[in-house]
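First up is the structure itself, then whatever we jot down about it.
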Amino acid sequence: MALIPNYALKCLIQQWYQDNSVSLNEDKASSFSDLESSNSKGKQSESAVDHISATKAVADAVKMTAEFLVGKLATGSVEIQRQAAYELHLLVKTGMDNHRIIAEAGAIPFLVTLLSSHDPRIQENAVTALLNLSLFQNNKILIMAAGAIDHIIDVLQAGKTMEARENAAAAIFSLSMIDDCKVTIGARPRAIPALVGLLSDGSPAGKRDAATALFNLAVYNANKTTVAVTGAVPVLIDLLMDDKAGVTDDALAVLALLLGCSQGLEEIRKSRVLVPLLTDLLRFGSYKGKENSITLLLGLCKDGGEEVARCLLINPRGIPSLQSLAAKGLAKARRKADALLRLLNRCCSQSQIPVG
């Protein structure tokens, strides 16, 4: 039997109507938006029945399709496996309920196995399907239980296509939304270095996926140290100067988190270009970027950071932005801006030169 093409769902829905003796007129076979657009109160009850029937038809069709495709993943040739993985990754994107149905059909263990495929497209389709499945909360647990994480790290580190590596990083981000998974993933010795590697040599999308995954992992305190000592800080600071990468806010967010560990603060303080960059970002960055820039400057100025404070005072381009945030920003940014301004005022009080 040939593999089901993309129009399979419609055919299976029509078959379900025939098998269950449900009338299928052209108006009933139209999209759900057509059903929902009916304004006639006299037809509301009929439309509701039609909607329930159509919804059940879709669920049954997805189940049939998923079971068929999982069978092809298990026993098909390389070509069939490639197409089956591709069809599954499309199918999972067509509705949130499909995430559950496809997992219940047993797709996850077979997709995990295919992450080790030597065929670039099979690997890419498998990791993309797992990424899409992981967006459903219960599937995160099933994916971790299937032993996927080490294989996902393999793809992240040495995937056969850049898109496979990017989607592996995105899968780690998705899985690490669960606190226990942050611990498990961070404990894998190759996980964080592989993310830092993609942060350095990935495409703009890959850099963004890596940065967001690192942020999620670094929320767990023990992972902060690992991120800091793995060489992430210089790469993150370089990204602040890379307009093409478009990950300035993501990089700032990770750096702000790394202030929370001594190794992170030590690595950040080594940079000679960061303070001028943060000063510029206070003036021209996004609101979130400005807030994280203040967080970093405040952290650098505290506990022996007089040199940073002097640098800000000597070249006070960012002071007006600080004053504006202290006066008009949201509560969190306002508190941080006010704290930094007070610290700068104390630093220059001996010479009696007011800030700003």
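Throughout, numbering of the chain's residues begins at 1 and tracks the sequence.
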Sequence neighbours excluded, the answer for salt bridge (charged side-chain N to carboxylate O under 4.0 Å, His left out) partners of D150 is R188
For Q157, side chain to side chain donor-acceptor pair (under 3.5 Å) partners two or more places apart
R190
Side chain proximity check, L300 to L265, heavy atoms < 4.5 angstrom
yes
Between T128 and N167: side-chain donor-acceptor atoms closer than 3.5 Å:
yes
Atom of L130, atom of I143 and distance for their closest heavy-atom approach:
O-CD1, 3.6 Å
Considering residues at least two apart in sequence or located in another chain, which fulfil the salt bridge (charged side-chain N to carboxylate O under 4.0 Å, His left out) criterion with R100?
D97, E104
Output a table of donor-acceptor pairs, distance under 3.5 Å, between side-chain atoms of residues 325-336 and any protein atom two or more places apart or on a different chain; print 'none' if there are none.
| residue | atom | partner | partner atom | Å |
| --- | --- | --- | --- | --- |
| R334 | NH1 | G329 | O | 2.6 |
| K336 | NZ | T295 | OG1 | 2.7 |

Is there a side-chain contact between L198 and M162 (heavy atoms, below 4.5 Å)?
yes
Could you pull out all residues at least two apart from D338 that satisfy side chain to side chain donor-acceptor pair (under 3.5 Å)?
R342
Residues that R165 engages under side chain to side chain donor-acceptor pair (under 3.5 Å), provided they are two or more places apart
D201
Contacts under 3.5 angstrom, residues 250-257 side chains, donor-acceptor by atom type, not counting sequence neighbours:
none

Will you find, in the side chains of Q123 and S117, an N or O donor that is under 3.5 Å from an N or O acceptor?
no
Does I268 offer a backbone N or O that forms a donor-acceptor pair with the side chain of S271 under 3.5 Å?
no
Is L131 close to S134 at the side-chain level, that is, under 4.5 Å between some pair of heavy atoms?
yes
Are side-chain heavy atoms of L340 and C301 found at a separation under 4.5 Å?
yes
Between K140 and L135 the two heavy atoms that sit nearest each other are NZ-CA, 4.3 Å
In terms of heavy-atom contacts, T94 and N98 come closest through OG1-ND2, 2.5 Å
Between E124 and R121, is the closest basic N to carboxylate O distance under 4.0 Å?
yes
Shared hydrophobic cluster, F68 / L88 (ILVMFWY, side-chain heavy atoms < 4.5 Å):
yes
Can you list the residues that meet the ring-ring contact (aromatic ring centres under 6.0 Å, His included) rule with H89, with sequence neighbours excluded?
Y86
Side-chain heavy atoms of Q137 within contact of I178, under 4.5 Å:
yes
Partners meeting salt bridge (charged side-chain N to carboxylate O under 4.0 Å, His left out) with R310 (sequence neighbours left out)
none
Of all the heavy-atom pairs spanning F110 and A74, show the shortest one and how long it is.
CE2-CB, 3.4 Å
Is there a side-chain contact between I319 and L322 (heavy atoms, below 4.5 Å)?
yes
A164 versus V155, closest heavy-atom pair with distance
O-CG1, 3.5 Å
Indicate every side-chain donor-acceptor pair of residues 235-243 with a distance under 3.5 Å to a residue at least two apart or in another chain.
| residue | atom | partner | partner atom | Å |
| --- | --- | --- | --- | --- |
| D242 | OD1 | K244 | N | 3.1 |
| D242 | OD1 | A245 | N | 3.2 |

Identify the two heavy atoms, one from L217 and one from S176, that lie closest to each other, and give their separation to 0.1 Å.
CD2-CB, 3.9 Å
Test of understanding: with side chain to side chain donor-acceptor pair (under 3.5 Å), list the residues that count as partners of E267, not counting sequence neighbours.
K270
Given R317 and D280, is the salt bridge (charged side-chain N to carboxylate O under 4.0 Å, His left out) satisfied, shown in steps?
CA-CA 8 Å; R317 298 190 308 273; D280 286 340; 3.0 Å; yes
Check whether any side-chain heavy atom of L175 sits under 4.5 Å from a side-chain heavy atom of I152, and report yes or no.
yes
Going by the rule salt bridge (charged side-chain N to carboxylate O under 4.0 Å, His left out), which residues pair with K182 if we only count those two or more places apart in sequence or in a different chain?
D179
